Student: 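Shown below is the structure under consideration.
Protein chains get the first letters and strands the later ones, always in sequence-line order, with residue 1 at the start of each. These numbers come from a predicted model, not from an experiment.
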Amino acid sequence: MKNTLDFGAVANRYASLLELCCSRRPPSYSLARTIHAHMIAYGFRARGHILNRLIDIYCKSSNITYARHLFEKIAEPDIVARTTLIAAYSAAGNLRLAREVFAGTPLSLRDTVFYNAMITGYSHNNDGHAAIELFRDMRREDFRPDNFTFTSVLGALALIADEEKQCQQIHGDVLKSGTGFVTSVLNALISAYVKCASSPLTSSSSLMGAAKKLFEEMPKRDELTWTTMITGYVRNDDLAAAREFLDGMTEKLGVAWNAMISGYVHRGFIQEALEMFRKMQLMGIQLDEFTYTSVLSACADAGLFKHGKQVHAYILRTEGRPVPEFMLSVNNALVTLYWKCGKVDEAREIFNKMSIRDIVSWNAILSAYVNACRIEEAKSFFKEMPERNLLTWTLMISGLSQNGFGEEGLKLFNQMRMEGFEPCDYAFAGAIISCAVLGALEHGRQLHAQLVQLGHDSSLSAGNALITMYARCGVVEGANCVFLTMPYVDSVSWNAMIAALGQHGHGLQAVELFEQMLKEDIIPDRITFLTVLSACSHAGLVKKGRQYFDSMCDFYAITPGEDHYARLIDLLCRAGKLSEAKEVIKSMPFEPGASIWEALLAGSRIHGNMELGIQAAEKLFELMPQHDGTYVLLSNMYATAGRWNDVAKVRKSMRDRGIKKEPGCSWVEVENKVHVFLVDDTVHPEVQAVYNYLEQLVLEMRKLGYVPDTKFVLHDMDYEHKESVLSTHSEKLAVVFGIMKLPLGATIRVFKNLRTCGDCHNAFKFMSKVVGREIVVRDGKRFHHFRNGECSCGNYW
DNA sequence: GTAGGGTTAG
């Protein structure tokens with residue numbers, strides 16, 4: 001065939017077919033790919049503009065890898081192919097690869113459109129500074145900016161928007177370039193001025209004045225001009241001016257109304273937004289997908305499920321012809337409405353029925369699962385996703401880390417970077433929380449350093465994550481340092497810092513910080529009260545705690561949940577006020593759940609109140625019969641009292657019900673590597689040396705009065721058959737390994753999945769004295785700082 | 001081959 005047909009004629013045919021696919025609305029990329037398959041099958045080698053077109057098609061249909069493959073087969077790709085690829089990489093949020101193509105293009109090949117694509121890439125990926133820098137480069141190299149260049153650069157400027165001078169400078173450039181009458185450029189310029197006006201660093205009125213002047217002097221205005229002005233007023237917190245502007249318009253432009261509605265939504269005026277929606281219906285103003293999405297998102301954010309459902313019904317009634325691309329954004333908004341109102345499965349049903357979906361649809365379902373803590377479904381959904389963007393990764397990483405999957409979170413963070421996505425501050429926050437979960441301090445510190453390098457150090461979410469990370473890795477001072485140097489803080493930051501102090505036994509300081517928070521007029525939320533109650537409990541501040549508990553309902557109108565009551569009961573029990581705790585349980589407005597009985601059981605154990613302990617344990621056996629912790633606590637209680645028969649009974653019932661104790665494991669980070677130890681570990685390669693060194697240490701410790709406490713051996717029931725003294729808990733091994741491997745004088749930081757045992761706790765006190773070092777142990781619940789023979793918890797945990 | 005506003009997402 002290829003010999004008999006004229007090559008040029010075939011090429012023209014293919015070219016026009018591809019053209020046809022792309023000019024369809026929506027473009028038919030799958031048909032285009034079929035045509036490509038045809039070319040391959042018939043041995044037609046695409047070149048020149050046909051190949052460029054194919055690269056464009058693969059880029060736009062989310063198959064950049066294949067587009068890249070085609071690109072790399074070209075010996076000398078022309079500027080069109082390069083521009084296409086840059087645009088595709090930036091649209092996919094992959095700046096690194098876009099920059100690679102850009103940098104690999106010799107100056108002699110470049111043109112204005114090529115620069116425009118890269119400038120847009122930076123701007124779209126929120127790097128306004130890089131975009132403007134490149135614009136200056138381009139001018140230095142004597143490329144002539146056109147109206148595309150200016151719209152992009154002005155978009156970038158609007159991102160930074162903190163200097164009046166820059167706006168005026170580029171305004172001057174526009175006038176010099178002769179594009180000063182082009183509506184699109186003027187729209188972008190107005191947008192830059194109004195965004196700049198909303199920055200706290202500039203004078204809002206003079207910049208809004210400049211925008212208004214531009215608006216009035218424009219030769220020709222379009223829909224965008226009006227909406228830009230309206231959103232401009234909204235951004236500058238002048239809703240009245242925006243409304244006045246809208247009401248002064250002679251034509252009834254739907255888009256302008258949409259802008260006003262979204263302005264109301266963003267400022268929290270939901271009723272006004274809904275009112276405008278109704279008015280539009282009455283006045284017969286054209287409603288479009290933006291009207292619907294705005295209103296739906298308003299309902300979603302305000303939790304107005306009924307209103308949202310009404311809008312849903314209205315759309316189904318009036319939009320008889322569900323054009324797929326029209327319905328795409330509306331469906332996305334509907335999916336969001338349903339999951340935000342707690343209807344995850346309904347959201348999934350809408351998603352399943354959608355005839356076309358985009359990355360937003362996929363991300364919406366992913367966030368639905370993540371937010372509902374349905375992490376297994378999120379994981380498998382993530383794997384199924386046909387494409388991923390920066391948000392996808394971020395959602396999944398933070399979902400994993402917040403659900404305790406630290407290792408998987410970090411793995412995904414690395415994978416994301418390997419695939420060329422530059423992590424934003426939210427992604428960093430997820431990775432940092434992963435480190436917090438793992439107790440990987442060195443790794444967390446490195447992420448902190450990278451954060452600073454990449455300029456994310458003023459980020460709120462990353463800062464809050466860092467506070468948590470340092471605290472959970474045992475470095476309270478680090479947490480405090482981040483807290484004090486953050487440029488802006490919110491209630492999450494305060495909560496994190498109060499929690500940090502509380503977990504480390506600095507109850508008084510936690511309470512002081514809470515008081516300071518109140519003084520600075522930050523309104524405490526339910527989380528704040530949880531942390532401050534825990535802090536009181538760890539520090540034994542019973543009176544304060546009760547006082548705060550009461551103020552929560554009386555002054556802040558927060559109804560205490562079961563979690564708050566559990567903290568209160570914990571507070572009373574630890575202080576030995578068991579009967580008072582029982583009173584509180586009786587007075588609760590709801591049936592006590594597991595967390596209440598757990599607090600009571602732990603309190604009874606500390607104070608040796610066997611009767612109450614048994615009572616609480618029985619309730620727990622009813623509520624969660626599979627939970628191993630109850631059996632362990634109860635048997636330890638019996639063991640302490642020497643009631644060996646009862647110990648055996650508990651053990652038997654555990655065996656009968658097929659319940660296995662979660663194996664204890666501890667880990668310590670040495671030179672950026674996490675070393676894990678199990679009870680009586682035989683797996684770690686250096687464990688023999690650890691046992692030898694431990695033996696030496698115990699000899700020294702005995703001289704100071706240490707006596708191994710054998711009753712705690714029952715803590716690990718699977719190993720009961722072993723001789724008590726021989727059984728070595730994982731935390732001891734990890735601490736000794738840390739002493740051996742960490743630099744002289746460095747604090748040993750060890751993490752354990754379960755609550756630490758009494759003998760280990762005692763041993764670490766002596767150990768800290770013998771080796772003259774600080775030992776920090778984080779167990780399932782809290783921190784112990786051992787220093788010079790004492791523990792920060794005051795033997796109270 | 002490249003853009004500017006309104007919407008959907010942490």
Student: So Y115(A) and F102(A), would you call those rings parallel, tilted or perpendicular, with 30° and 60° as cut-offs?
Tutor: perpendicular
Student: Within this structure, what is the CD1-to-P distance between I261(A) and dT8(B), rounded to whole angstrom?
Tutor: 12 Å
Student: Does the side chain to side chain donor-acceptor pair (under 3.5 Å) test come out yes or no for Y369(A) and R348(A), once each step is laid out?
Tutor: CA-CA 10 Å; Y369(A) 285 138; R348(A) 181 67 204 249; 3.2 Å; yes
Student: To the nearest Å, how far apart are L328(A) CG and dT7(B) P?
Tutor: 16 Å
Student: What is the per-nucleotide protein-contact pattern of nucleotides 1-6 of chain B, from the 5' end, where B denotes a base atom under 4.0 Å from a protein heavy atom, S denotes such proximity for sugar-phosphate atoms only, and - denotes neither?
Tutor: BBBBBB
Student: Is it the case that atom NZ in K213(A) sees more than 12 heavy atoms from other parts of the structure closer than 6.0 Å?
Tutor: no
Student: Check the distance between dA9(B)'s P and W362(A)'s CH2 and give it to me in whole angstrom.
Tutor: 18 Å
Student: Quiz question: by atom type and distance under 3.5 Å, do the side chains of N464(A) and N495(A) form a donor-acceptor pair?
Tutor: no
Student: Can you find a side-chain donor-acceptor pair between N187(A) and T225(A) that sits under 3.5 Å?
Tutor: yes
Student: Tell me whether K343(A) forms a cation-pi arrangement with F305(A), defined as NZ or CZ under 6.0 Å from the six-membered ring centre and within 45 degrees of its axis.
Tutor: yes
Student: Rounding to a whole Å, what distance do you find between N389(A):CG and dG10(B):C1'?
Tutor: 11 Å
Student: For L395(A), report the nucleic acid contact type (base, sugar-phosphate, nothing); a contact means any heavy atom under 4.0 Å.
Tutor: sugar-phosphate
Student: Which whole-number value in Å describes the distance from I230(A) CD1 to dT7(B) P?
Tutor: 12 Å
Student: Answer with yes or no whether the side chains of S152(A) and T120(A) bring together a donor and an acceptor at under 3.5 Å.
Tutor: yes
Student: Have a look at F382(A) and tell me which of V370(A), L400(A), L412(A), L395(A) forms a side chain to side chain contact (heavy atoms under 4.5 Å, CB included) with it.
Tutor: L412(A)
Student: For side-chain contact (heavy atoms from CB on, under 4.5 Å), just list the numbers for L451(A) and I432(A), CA-CA rounded to whole Å, side-chain angles, deciding distance to a tenth of an Å, and then say yes or no.
Tutor: CA-CA 10 Å; L451(A) 206 63; I432(A) 291 167; 4.1 Å; yes
Student: Give a yes/no on whether any side-chain N or O of T394(A) is located under 4.0 angstrom from OP1 or OP2 of dG10(B).
Tutor: no
Student: Specify the separation, in whole Å, of atom NZ of K340(A) and atom C1' of dT8(B).
Tutor: 9 Å
Student: With heavy atoms under 4.0 Å as the rule, sort W393(A) into base, sugar-phosphate or nothing.
Tutor: nothing
Student: In whole Å, what is the span from the CZ atom of R388(A) to the C1' atom of dA9(B)?
Tutor: 17 Å
Student: Tell me which residues in residues 166-179 of chain A put a heavy atom below 4.0 Å from DNA chain B, sorted by number, or none.
Tutor: none
